[in-house]
Colleague: 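I'd like to ask some things about the structure below.
Both counts, for ligands and for their atoms, begin at 1 and track the order of listing.
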Amino acid sequence: MQVALVGVTGYSGMVLYQLLKQHPQVDGIHLYGHADAPAVPLKTVATMYQKETAVIRPFDAAAIMHDNAMVFFATSAGITCQLALPFIAAHFPVIDLSGDFRLRDPQQYQHWYQRTPAPVTALAQASYGLADMPSPLTTYIANPGCYATATLLGLAPLVQQQLIEPTSIVVDAKSGLSGAGKRATTASHYVTVNDNVSLYKLNQHQHIPEMMQQLQQWWPTIPAIEFTTTLIPVTRGIMATIYAKAKQPLTTAQVRDAFMTTYHEQPFVQVLPTGMPTIKDVIGSNNCALGVNYNPVTNTVVVVSVIDNLMKGAAGQAIQNFNRYFDFAVTTGLPTLPVFP
Ligand SMILES: NC(=O)C1=CN([C@@H]2O[C@H](COP(=O)(O)OP(=O)(O)OC[C@H]3O[C@@H](n4cnc5c(N)ncnc54)[C@H](OP(=O)(O)O)[C@@H]3O)[C@@H](O)[C@H]2O)C=CC1
Ligand SMILES: CC(=O)N[C@@H](CCC(=O)OP(=O)(O)O)C(=O)O
């Protein structure tokens, strides 16, 4: 199969290119960049591509649909709502790593992303591809956000089985710097990030409405969640620490059983038998590792959810959705072990 990738010069696109190259069902990858930019050999983009013969061609929707079976967009927010409409009109398969088609309500997108949304008729054709909680996919797959993935996988059993007080969810999430993409800013300057920890986008993070949309589908009673994001000085990795009050007293074993009920058939979700995961347990893999605990003193359930933001949080989950869409075995072409040490 031939596939197209838009955005290979970005962090998620680089990881996606690597995964597509080793995918046994992919025979060729066509690369596309800005519509108004000249064609450039991939080897001129980064030192690591010296032996690659591929060329990044100007974006051309008609050529993409003619030459490929699917297109992956690993582009910045605000791009696919402009570029993807011909694919939607033609019902051509798309996997979109950006947030442009995750929110069904265009006003929510306008508010949280502060950009012009895609038309509501186009948004209605997208499906939210949280790959480890399978639901039907349409031809336009909105790949979930990295924080949203870690948080939703950590909350799903508690919410779907209604084990917690719906008003009591608090999530303290931390991310490595590659989550912010390749562009350097004052906030991502080495001196700002190294030896430091900083909370950002307090009550303003764009993944809040994305998580609420999914949580309320699972349990409409949930009114809101408290969600904070903190930058930590690592390249890759997300840890979401989730706190919620139990509806009635539980044990840690009961919480773990609830998680096993949800995830026992999911090859990429690891519910730990004891202890809590670290980000190094998943970096380089497409896994989400979950540790659970119930504190009887405070009647609080604590869940720790870790993922690699560029794998499960972006490119790995995109390949998982690609496998689901074409009915390939779900683990095809995806690493199930981390890079360790
Ligand atoms: N990084 C992460 O951990 C995660 C990222 N995402 C989402 O995935 C997407 C990509 O993220 P990330 O890789 O971090 O971003 P980067 O900033 O690292 O890369 C963005 C890519 O988009 C390309 N691009 C931008 N505008 C256009 C355009 N008009 N036409 C064609 N290509 C364009 C850029 O090309 P050029 O360099 O030539 O401008 C670059 O290749 C974003 O929407 C992000 O929110 C989702 C989950 C996790
Ligand atoms: C560390 C860091 O800055 N992370 C980014 C994650 C962005 C992202 O994944 O964007 P989407 O909304 O397209 O999912 C952030 O918090 O905004």
Colleague: Only heavy atoms count here, so choose which of Q82, H34, Q317, M14 is nearest to atom 24 (N) of ligand 1.
Modeller: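 Going through Q82, H34, Q317, M14 one by one, H34 has the nearest heavy atom to atom 24 (N) of ligand 1.
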Colleague: From atom 45 (O) of ligand 1, is the closest protein heavy-atom distance below 4.0 Å?
Modeller: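 For atom 45 (O) of ligand 1 the answer is no, since every protein heavy atom stays at 4.0 Å or beyond.
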Colleague: Which protein non-hydrogen atom lies closest to atom 48 (C) of ligand 1, naming both residue and atom, and how far is it?
Modeller: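 Sorting protein heavy atoms by distance from atom 48 (C) of ligand 1 puts G313 O, 3.4 Å first.
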Colleague: Please work out, at 4.0 Å between heavy atoms, whether the side chain, the backbone, both, or neither of N309 comes within that distance of ligand 2.
Modeller: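 The answer is neither; N309 stays 4.0 Å or more away.
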Colleague: Can the ring centres of Y140 and F101 be said to be less than 6.0 Å apart?
Modeller: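 Yes, they do, as the ring centres are separated by less than 6.0 Å.
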Colleague: Quick test of your reading of the model: are E52 and K43 salt-bridged, counting only N-O distances below 4.0 Å?
Modeller: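 No.
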Colleague: Can you tell me which residue and heavy atom of the protein come closest to atom 5 (C) of ligand 2, and the distance to 0.1 Å?
Modeller: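 Among all protein heavy atoms, the one nearest atom 5 (C) of ligand 2 is G179 O, 3.3 Å.
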Colleague: When you check the gap from the basic side-chain N to the acidic O, do K174 and D172 get nearer than 4.0 Å?
Modeller: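 Salt bridge present between K174 and D172.
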Colleague: Compute whether any side-chain donor of one residue and acceptor of the other, for Y147 and E210, lie under 3.5 angstrom apart.
Modeller: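 Per modelled atom types, Y147 and E210 side chains form no pair under 3.5 Å.
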Colleague: For atom 3 (O) of ligand 1, what's the nearest protein heavy atom and its distance?
Modeller: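 Of the protein heavy atoms, N309 ND2, 2.8 Å lies nearest.
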Colleague: Closer than 4.0 angstrom: is that true for some heavy atom of G176 and an atom of ligand 2?
Modeller: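 Right, G176 reaches ligand 2.
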Colleague: Is K174 touching ligand 2 with its side chain, its backbone, both, or neither, if touching means heavy atoms under 4.0 Å apart?
Modeller: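 For K174, there is no contact with ligand 2 at all, from either part.
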Colleague: Should we count CZ of R324 as having more than 12 external heavy atoms under 6.0 Å?
Modeller: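 Correct, the count exceeds 12.
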Colleague: Return a yes/no value for Y147: is any of its N or O atoms, backbone included, closer than 3.5 angstrom to an N or O of ligand 2?
Modeller: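 By distance alone, the answer is no.
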Colleague: Taking atom 13 (O) of ligand 1 as the point of reference, which of G237, S12, A77, G7 owns the nearest heavy atom?
Modeller: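 Nearest heavy atom to atom 13 (O) of ligand 1 lies in S12.
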Colleague: Measure the distance from atom 2 (C) of ligand 2 to every protein heavy atom, then report the residue, atom name and distance (to 0.1 Å) of the closest one.
Modeller: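 Protein heavy atom at minimum distance: Y200 OH, 3.2 Å.
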Colleague: Can you tell me the protein heavy atom closest to atom 34 (C) of ligand 1 and the distance?
Modeller: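 Here the nearest protein heavy atom works out to T9 OG1, 3.9 Å.
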Colleague: Looking only at distances, can you tell me whether any N or O atom of R102, backbone or side chain, sits closer than 3.5 Å to an N or O atom of ligand 2?
Modeller: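 Indeed, backbone or side chain, R102 has an N or O that close.
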Colleague: Is a donor on one side and an acceptor on the other found under 3.5 Å between the side chain of H264 and the backbone of T261?
Modeller: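 A pair under 3.5 Å: yes.
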Colleague: I need the atoms of ligand 2 closer than 4.0 Å to a non-hydrogen atom of G99, numbered in the order shown.
Modeller: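 Atoms satisfying the 4.0 Å criterion: 13 (O).
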Colleague: Would you mind checking which non-hydrogen protein atom is closest to atom 17 (O) of ligand 2, with the distance to 0.1 Å?
Modeller: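 Sorting protein heavy atoms by distance from atom 17 (O) of ligand 2 puts K201 NZ, 2.6 Å first.
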Colleague: May I ask you to list the atoms of ligand 2 that are less than 4.0 angstrom from any heavy atom of Y113?
Modeller: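 Selected atoms, number and element: 12 (O).
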Colleague: Indicate yes or no: at least one non-hydrogen side-chain atom of I225 is less than 4.5 angstrom from one of V170.
Modeller: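 Not touching, per the 4.5 Å side-chain cut-off.
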Colleague: Whether the side chain of D100 engages the backbone of I79 through a donor-acceptor N/O pair (distance < 3.5 Å, no angle test) should be reported.
Modeller: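 The answer is yes, because a donor-acceptor pair under 3.5 Å joins these two groups.
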Colleague: Can you figure out which of V8, L16, T75, L97 has its heavy atom closest to atom 42 (C) of ligand 1?
Modeller: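 Closest candidate by heavy-atom distance is T75.
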Colleague: Taking 4.0 angstrom as the limit, do K312 and D132 come out as a salt bridge?
Modeller: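 Result for this pair is yes, salt bridge flagged.
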Colleague: Would you say Q248 has more than 12 foreign heavy atoms packed within less than 6.0 Å of its CD?
Modeller: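 Incorrect, the count does not exceed 12.
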Colleague: Specify the protein heavy atom at minimum distance from atom 25 (C) of ligand 1: its residue, its atom name, and the distance to 0.1 Å.
Modeller: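 I find the closest protein heavy atom is S76 OG, 3.5 Å.
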Colleague: When the aromatic ring centroids of H23 and F322 are compared, is their separation below 6.0 Å?
Modeller: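 Close enough - the centres of the two rings lie under 6.0 Å apart.
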Colleague: Using a heavy-atom cut-off of under 4.0 Å, does the side chain or the backbone of W112 touch ligand 2, or both, or neither?
Modeller: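 The answer is neither.
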Colleague: Return yes or no for this condition: an N or O of I79 is under 3.5 Å from an N or O of ligand 1.
Modeller: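 N/O-N/O distance under 3.5 Å: no.
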Colleague: Using heavy atoms and a 4.0 Å limit, tell me yes or no: is A77 in contact with ligand 2?
Modeller: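 Outside the 4.0 Å threshold, so no.
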Colleague: Tell me the protein heavy atom at minimum distance from atom 3 (O) of ligand 2, and give that distance in Å.
Modeller: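 For atom 3 (O) of ligand 2, the nearest protein heavy atom comes out as A180 CB, 3.3 Å.
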Colleague: For ligand 2, which atoms have a heavy atom of G145 less than 4.0 angstrom away?
Modeller: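 Near G145, meaning under 4.0 Å from one of its heavy atoms, ligand 2 has 14 (O).
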Colleague: Any donor and acceptor pair, going by atom type alone, linking the side chain of S12 with main-chain N or O of A315 inside 3.5 Å?
Modeller: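 The answer is no, because no donor-acceptor pair under 3.5 Å joins these two groups.
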Colleague: Identify the protein heavy atom lying closest to atom 10 (O) of ligand 2, giving its residue, its atom name and the separation to 0.1 Å.
Modeller: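 Checking every protein heavy atom, the shortest distance to atom 10 (O) of ligand 2 gives Q206 NE2, 3.7 Å.
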Colleague: Just by distance, do the side chain of T192 and the backbone of T186 share a donor-acceptor pair under 3.5 Å?
Modeller: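 Here the side-chain-to-backbone pair exists.
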Colleague: Looking at non-hydrogen atoms alone, which of A74, G13, G33 comes nearest to atom 21 (C) of ligand 1?
Modeller: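 Going through A74, G13, G33 one by one, A74 has the nearest heavy atom to atom 21 (C) of ligand 1.
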Colleague: Can you tell me which residue and heavy atom of the protein come closest to atom 11 (P) of ligand 2, and the distance to 0.1 Å?
Modeller: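 Answer for atom 11 (P) of ligand 2: H207 NE2, 3.3 Å.
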Colleague: Counting non-hydrogen protein atoms only, what is the nearest one to atom 14 (O) of ligand 1? Give residue, atom name and distance.
Modeller: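 Going by distance alone, atom 14 (O) of ligand 1 is nearest to G181 CA, 3.1 Å.
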Colleague: Report the C-alpha separation of Q317 and N286 in whole Å, then their side-chain angles, then the decisive distance to 0.1 Å, and conclude whether the side-chain hydrogen bond (donor to acceptor under 3.5 Å, both in side chains) test is met.
Modeller: CA-CA 7 Å; Q317 186 161 204; N286 188 49; over 6 Å; no
Colleague: List every atom of ligand 1 that sits less than 4.0 Å from any heavy atom of A314, numbering the atoms from 1 in the order shown and giving each element.
Modeller: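 Answer, ordered by atom number: 47 (C), 48 (C).
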Colleague: Any chance NZ of K280 has more than 12 other-residue heavy atoms, nucleotides or ligands included, within less than 6.0 Å?
Modeller: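 No, not enclosed.
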Colleague: Using modelled atom types only, decide if a donor and an acceptor are shared between the side chain of S98 and the backbone of S76 within a distance under 3.5 Å.
Modeller: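 The answer is no, because no donor-acceptor pair under 3.5 Å joins these two groups.
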Colleague: Check whether any heavy atom of E210 sits under 4.0 Å from an atom of ligand 2.
Modeller: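 It does not, in that no heavy atom of E210 comes within the 4.0 Å cut-off of ligand 2.
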Colleague: May I ask you to identify the nearest protein heavy atom to atom 9 (O) of ligand 2, giving residue, atom name and distance to one decimal place in Å?
Modeller: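 The answer is C146 SG, 3.3 Å.
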Colleague: Show me which atoms of ligand 2 lie under 4.0 Å from any heavy atom of L231.
Modeller: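 Answer for ligand 2: 1 (C).
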Colleague: Angle between ring planes, Y49 versus Y17, binned at 30° and 60°: parallel, tilted or perpendicular?
Modeller: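 Ring orientation of Y49 relative to Y17: perpendicular.
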Colleague: What atoms of ligand 2 come closer than 4.0 angstrom to any heavy atom of H205?
Modeller: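 Heavy-atom distances to H205 below 4.0 Å select 15 (C), 16 (O), 17 (O).
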Colleague: Check ligand 1 against G179 and write out every atom of the ligand that is under 4.0 Å from a heavy-atom position of the residue.
Modeller: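 So the atoms of ligand 1 that pass are 1 (N), 2 (C), 3 (O).
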Colleague: Y32 and F73: aromatic ring centres closer than 6.0 Å?
Modeller: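 Ring centres of F73 and Y32 not closer than 6.0 Å.
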Colleague: Return the closest protein heavy atom for atom 19 (O) of ligand 1 as residue, atom name and distance.
Modeller: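 Protein heavy atom at minimum distance: G10 CA, 3.1 Å.
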Colleague: What is the nearest protein non-hydrogen atom to atom 1 (N) of ligand 1, stated with its residue, atom name and distance?
Modeller: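 Scanning the protein heavy atoms, the shortest distance from atom 1 (N) of ligand 1 goes to S178 O, 3.0 Å.
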Colleague: Is the number of heavy atoms from other residues, nucleotides or ligands under 6.0 Å of Q107 CD greater than 12?
Modeller: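 Atom CD in Q107 is not packed in, count stays at 12 or less.
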Colleague: Do any N or O atoms from the side chain of T300 and from the backbone of T298 form a donor-acceptor pair under 3.5 angstrom?
Modeller: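 Yes, T300 side chain to T298 backbone: donor-acceptor pair under 3.5 Å.
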Colleague: Any idea which atoms of ligand 1 are less than 4.0 Å away from a heavy-atom of L310?
Modeller: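 Selected atoms, number and element: 1 (N), 2 (C), 3 (O).
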Colleague: Students often mix this up, so state it plainly: with edges at 30° and 60°, are the rings of Y263 and F259 parallel, tilted or perpendicular?
Modeller: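 Answer is tilted, since the angle falls between 30° and 60°.
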Colleague: Taking 4.0 angstrom as the limit and counting only heavy atoms of K182, give me the atoms of ligand 1 inside it, by number and element.
Modeller: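 Checking each atom against K182, I get 16 (P), 17 (O), 18 (O), 36 (P), 37 (O).
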Colleague: Are any of the heavy atoms in T229 under 4.0 Å away from ligand 2?
Modeller: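 Per 4.0 Å heavy-atom rule, T229 does not contact ligand 2.
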